[in-house]
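This structure is a prediction, so every number in the text was calculated from the model and none was measured. Excluded from the calculations below are hydrogen atoms, water molecules and symmetry mates; all remaining heavy atoms, backbone and side chain alike, are included.
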Amino acid sequence: MTKWIYIEDIASYEDQDVEIRGWLYNKRSCGKIRFLLVRDGTGIIQATLFTPEKEGLLFQKYDQLTQESSLIVRGKVKKDNRAPGGYELEVQNLDIIQIAQDYPITPKEHSTSFLMEHRHLWLRSQKQNAILQIRATLINAIRNFFDDRGFRLMDTPILTPSACEGTTTLFETQYFDQKAYLSQSGQLYNEATAMAFGKVYCFGPTFRAERSKTRRHLIEFWMVEPEIAYAVLEDIIELSEDLLLFIIERVLEKRKNELDILERDTAPLEKIRKPFPRVKYDEAVKRIKEKGLDIKWGEDFGAPHETCLSDIFDSPVCVTHFPAKIKAFYMQPDEKKPEVVLGLDVLASEGYGELIGGGQRIHDPNLIQQKIKEHNLPREAYEWYIDLRKYGSVPHSGFGLGIERTLAWLCKISHIRQTIPFPRLLYKIYP
RNA sequence: UCCUCGGUAGCUCAAUCGGCAGAGCGGGUGGCUGUUAACCACUAGGUUGUAGGUUCGAGUCCUACCCGAGGAGCCA
């Protein structure tokens, strides 16, 4: 029996007979030599066919093969500089599993809408494969980061009885005879688990029913949210720096090949060091105005403002101390300047916008009740949340990191829809 | 939701002033002993998004609708 191996491990099998199970990526011929490009999900290898006479069995099989036909090839692994990837397989034996008829994605350019309609097949293409390999590494790095630092994983519910921050952007669904909503953040629940476990994180999908249609938005996206009891703003600024540096380092180390496939220039990522530049909202507004953009104190940043800020610094930037009225009800006011809150946004470099949003939460029981009232939130839905301030309340802080935006930034790809296997976009839920 | 642009062969696009519907890729057939999105020759392939209208004549002009792309607001 020939050993079944994966293409990513091919280098350890030089001059040995192996079996590869995969699909035909492309084929070429030149006289009495034929080339198959076989992919198996972990890579692509060139397989060569030689036959003295053209009517040979291998050539008959070659002629039948079409793009994305499934096949098993057996042969000897050879080092050869002429082969893409440096290794090729001298085929002795070829089994056709199924002939694919008229595979729609040809080795030519296609429009985005066509590729999105065929997302289930587009995943097989080399660049999409590279992006999602990096996604898996990114998620693994994030989990390792928190697990190794003693954070407890706490899964927060996806079906929730009320809004986290407001009610306009939630997907409503039926929960037997009452209404329920798809979670847009695990944060409020994490404030409860942090009081039970000290430091926690949740990792899961979140849903926003906003009618936004930009390269930075998904309707369904994944977010990791750490929350730490007794932590203040400064603590989570440092945590966010350490997290981003760790994932950059890990992705550069493990996914060099995939970043090459994506033609990602990694120099800007390699240059990133801590501490990141820190600006308070007041100063950020001043810097944006100096660059000639229009913004007034009290306004939230738009996409051009975020791009402007990240262009000024050659690194991710921590923006803090925002006006209270543009931030969520639970944000802790600054003691020295109560009209601003101890919020944190980390903006990516290279114009990729907000990666992280978070801050220090209100721990005073009277203040939290006052804010709930001011924001016209239904008090009965927040009784449990108010309890957290009644029974051993402490200062606490946390943030959320968007997985897809982080991945888009790491890969430097233009649109977030390529960073998740099956993106949910405005009005688009197929496939 | 608003603004801008687009819809022609399976795919990506061209078609001058309103005047014969075209090419590359992919498919099929044949050729080539090291190809790199291989190449060369031949070949099949069309209700021009839908519905109206103007005109001797509409892919092209007008109206409505449908679908898509890019951007804005909001956000991670």
Sorted by position of nearest nucleotide on RNA chain B, 5' first, the leading residue of A/Ser111 and A/Tyr427 is A/Tyr427
Does A/Phe221 lie flat on the base of B/A76, that is, centres under 5.5 Å apart and planes under 30° off?
yes
I'd like the P distance from B/G22 over to B/G46, given in whole Å.
13 Å
Do the rings of A/Phe151 and A/Phe146 sit parallel, tilted or perpendicular, given the 30° and 60° boundaries?
perpendicular
Ring center gap for A/Trp384 and A/Tyr189 short of 6.0 angstrom:
yes
Could you tell me how far B/C75 sits from B/C13 if I compare only their P atoms? Round to whole Å.
35 Å
Among the nucleotides B/C74, B/G26, B/A72, which one has an atom lying closest to any side-chain atom of A/Thr106?
B/G26
With a 4.0 Å cut-off, would you call A/Arg82 and A/Asp80 a salt bridge?
yes
Atom CZ of A/Arg211 and atom P of B/C3 are separated, to the nearest Å, by 16 Å
Please state how far atom CZ in A/Phe207 lies from atom C1' in B/C75, giving the value in whole angstrom units.
16 Å
If you look at every strand shown and take non-hydrogen atoms under 4.0 Å, does A/Ser212 touch a base, only sugar-phosphate, or nothing?
base
Euclidean distance for P, B/C42 against B/U47 (whole angstrom)
26 Å
How would you label the contact of A/His415 with the nucleic acid (heavy atoms, under 4.0 Å): base, sugar-phosphate, or nothing?
sugar-phosphate
A/Lys428 side chain: which of B/U33, B/A37, B/A69 is closest?
B/A69
With a 3.5 Å cut-off and just heavy-atom distances, do the side chain of A/Arg216 and the base of B/C74 make a donor-acceptor pair?
no
Carboxylate-amine/guanidinium proximity below 4.0 Å for A/Arg135 and A/Glu404:
yes
B/C62, syn or anti by chi within 90 degrees of zero
anti
Separation of A/Leu218 atom CG from B/C75 atom P, in whole Å?
17 Å
Closest to the A/Ser29 side chain: B/C32, B/G70, B/C75?
B/C32
Distance, P atom - from B/G19 to B/G73, rounded to whole angstrom
43 Å
Report which part of the nucleic acid A/Ala83 touches: base, sugar-phosphate, or nothing (heavy-atom distance under 4.0 Å, all strands).
base
Fill in the dot-bracket string of RNA chain B, one character per base: . for unpaired, | for a pair to another strand, ( ) or [ ] for pairs within the strand, taking Watson-Crick or G-U pairs under 3.5 Å.
(((((((..((((.....[..)))).(((((.......))))).....(((((..]....))))))))))))....
Check the distance between B/C11's P and A/Trp122's CH2 and give it to me in whole angstrom.
16 Å
Measure the distance from CD1 on A/Ile219 to C1' on B/A76 and round it to the nearest whole Å.
13 Å
With a 4.0 Å cut-off on N to O distance, would you call A/Arg152 and A/Glu227 a salt bridge?
no
Look at A/Arg405 together with A/Glu350 and state whether they make a salt bridge at an N to O cut-off of under 4.0 Å.
no
Whether the side chain of A/His217 and the base of B/C75 hold a donor-acceptor pair under 3.5 Å is what I'd like checked.
yes
Using a strict cut-off of less than 4.0 Å between a Lys/Arg side-chain nitrogen and an Asp/Glu carboxylate oxygen, indicate whether A/Lys76 and A/Glu90 qualify as a salt bridge.
no
For a quick check of understanding: with a heavy-atom distance under 4.0 Å over all strands, which category does A/Gln46 fall into, base, sugar-phosphate or nothing?
base
Out of B/G70, B/A37, B/G34, which nucleotide sits closest to the side chain of A/Lys213?
B/G70
Charged N to carboxylate O under 4.0 angstrom, A/Lys325 versus A/Asp300?
no
Pairwise P distance, B/G57 and B/A21 [rounded to whole Å]
16 Å
Answer yes if the ring centres of A/Phe399 and A/Tyr201 are under 6.0 angstrom apart, and no otherwise.
no
Please state how far atom OH in A/Tyr62 lies from atom C1' in B/C32, giving the value in whole angstrom units.
12 Å
So A/Leu355, base contact, sugar-phosphate only, or nothing? Heavy-atom distance under 4.0 Å.
sugar-phosphate
Would you classify A/Glu88 as touching base, sugar-phosphate or nothing, given that sugar-phosphate means primed atoms plus P, OP1 and OP2, and contacts are heavy atoms under 4.0 Å?
base
Base, sugar-phosphate alone, or nothing: which one does A/Asp80 contact when heavy atoms must sit under 4.0 Å apart?
base
side-chain contact (heavy atoms from CB on, under 4.5 Å) with A/Gln92: which of A/Asp17, A/Val73, A/Thr2, A/Leu49?
A/Asp17
Using the C1' atom as the reference point in each nucleotide, state the distance between B/C25 and B/C67 in Å, no decimals.
25 Å
Tell me the interatomic distance from A/Lys327, atom NZ, to B/C74, atom C1', rounded to whole angstroms.
12 Å
RNA chain B: 5'-proximal contact among A/Phe35 and A/Phe114 (nearest heavy atom)
A/Phe114
Please determine whether a side-chain nitrogen of the Lys or Arg among A/Asp15 and A/Lys79 lies less than 4.0 Å from a carboxylate oxygen of the Asp or Glu.
no
Base, sugar-phosphate alone, or nothing: which one does A/Glu306 contact when heavy atoms must sit under 4.0 Å apart?
base
Pairwise N/O distances under 3.5 Å, protein to nucleotides 42-45 of chain B:
none

Taking the C1' atom of each, how far is B/C66 from B/A23, in whole Å?
29 Å
Taking atom P in both B/U50 and B/C11, what distance in whole Å separates the two?
14 Å
With a 4.0 Å cut-off on heavy atoms, is A/Gly302 in touch with a base, just the backbone sugar-phosphate, or nothing at all?
sugar-phosphate
Salt bridge check: are A/Glu68 and A/Arg39 linked by an N-O gap of less than 4.0 Å?
yes
NA contact type, A/Ile356, heavy-atom cut-off 4.0 Å: base, sugar-phosphate, or nothing?
sugar-phosphate
Just checking A/Pro84: base, sugar-phosphate only, or nothing, at a heavy-atom cut-off of under 4.0 Å?
base
Give a yes or no on whether a salt bridge exists between A/Glu19 and A/Arg21, defined as a side-chain N under 4.0 angstrom from a carboxylate O.
yes
